[in-house]
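Beneath this line is the structure, given in structure tokens, with notes to follow.
All values below were derived from every heavy atom in this structure, side-chain atoms included, with hydrogens, water molecules and symmetry-related copies excluded.
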Amino acid sequence: MYCLTINYHDISHNIVKRMIGKNDERRKTDVQKKQELELQKKKEAAVREIPQMPSSMFFQHNEALVPPYNVLVDTNFLSRTVGAKLPLMETAMDCLFASVNIIITSCVMAELEKLGPKYRVALMIARDERWTRLTCDHKGTYADDCIVERIQKHRIYIVATNDRDLKRRIRKVPGVPIMSCGKGKYAIERLPGAPTS
């Protein structure tokens, strides 16, 4: 007769297998590993492009801004001016202590026309023949993008707006002052040598 001894500890150890986790390196395929390596290499090799500053910029001071100032007007600035019953040209001249050229783009005109009869007075002011009209060559009538694109190309404008989002975008472009309407007068920011009041 044969005597059979069974060691239960060895059997139970062989029966229970350990499971590999979902995020374990051994489960990933070679394709996934290659993709991750390529992404890391791209991130490391990414070259940042810094746009060249205009020659008229001296640190944050824009030497291209000289009287008569070119003031690019936004839609909500016109509506706030009408609400405050302020004359556009005279109040801008009082704010800057210099002569100004009011410039209205075709996008701003299109936005005012879309807003309907509530903004008809602002539209009448915008249609005044004293103001310079700039035609836009892009698609759509979103004035904020048009204004930001113009000031990035040519930093010879003061932007007149009360729009918070547009102000935030303009502040990222160095050397472009912002004019806003509030408390019965116009206020200017980021214009070196401007009067503070």
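Closest approach of E111 and A143 over heavy atoms only: OE2-N, 3.1 Å. Across all their heavy atoms, S106 and R133 have their closest contact at CA-NH2, 4.4 Å.
The cluster map of Ile, Leu, Val, Met, Phe, Trp and Tyr, joined by side-chain heavy atoms under 4.5 Å apart, puts Y142 and Y157 in different clusters. Follow the hydrophobic side-chain contacts under 4.5 Å out from L115 and you reach I104 in the same cluster.
A donor-acceptor pair is defined here as one N or O able to donate and one able to accept, closer than 3.5 Å; such a pair exists between the side chain of W131 and the backbone of I125. Remark: side-chain polar atoms of R155 are not paired, donor with acceptor, to backbone N or O of V173 under 3.5 angstrom.
In this structure the side chain of I178 never reaches within 4.5 angstrom of the side chain of I158, judged on heavy atoms. Counting heavy atoms from C-beta on, the side chains of P177 and E189 never come closer than 4.5 Å. Using a 4.5 Å heavy-atom threshold, the side chains of T161 and M179 count as separate. Between T105 and L72, some side-chain heavy-atom pair lies under the 4.5 Å cut-off. Using a 4.5 Å heavy-atom cutoff, the side chains of L123 and M109 are in contact.
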* To do: Please step through side chain to side chain contact (heavy atoms under 4.5 Å, CB included) for the pair E113 and R120, ending with a clear verdict.
  => CA-CA 8 Å; E113 288 167 0; R120 69 179 179 274; over 6 Å; no
* To do: Would you check, one step at a time, whether the test side chain to side chain contact (heavy atoms under 4.5 Å, CB included) holds for L96 with I188?
  => CA-CA 8 Å; L96 296 170; I188 189 84; 4.0 Å; yes
* Asked: Going through the checks in order, is the side chain to side chain contact (heavy atoms under 4.5 Å, CB included) test met by K185 and C95?
  -> CA-CA 8 Å; K185 62 181 180 178; C95 176; over 6 Å; no
Do any side-chain atoms of residues 77-87 form donor-acceptor pairs under 3.5 angstrom with protein atoms, and if so which ones, sequence neighbours left out?
unit_1 : atom_1 : unit_2 : atom_2 : d
S79    : OG     : N76    : O      : 2.9
T81    : OG1    : F77    : O      : 2.8
T81    : OG1    : Y186   : OH     : 2.9

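Atom CG of D128 and atom CD1 of I102 lie 10.0 Å apart (nearest 0.5 Å). Here the straight-line distance linking atom CG of D163 with atom CG of D144 works out to 5.0 Å at 0.5 Å rounding. One distance of note links CD1 of I147 with SG of C136; it measures 9.0 Å at 0.5 Å rounding. With rounding to the nearest 0.5 Å, the separation of CG in N162 from CG in D74 is 8.5 Å. Note that CD1 of I103 is 4.0 Å distant from CG of N70, once rounded to the nearest 0.5 Å. For the atom pair L65 CG and I156 CD1, the distance stands at 8.5 Å (nearest 0.5 Å).
Not counting sequence neighbours, the partners of R169 by the side-chain hydrogen bond (donor to acceptor under 3.5 Å, both in side chains) test are D145.
K42 and E38 are not joined by a salt bridge, as no carboxylate oxygen comes within less than 4.0 angstrom of a charged side-chain nitrogen.
Atom CZ of R164 has 12 or fewer neighbouring heavy atoms from other residues, nucleotides or ligands inside a 6.0 Å radius.
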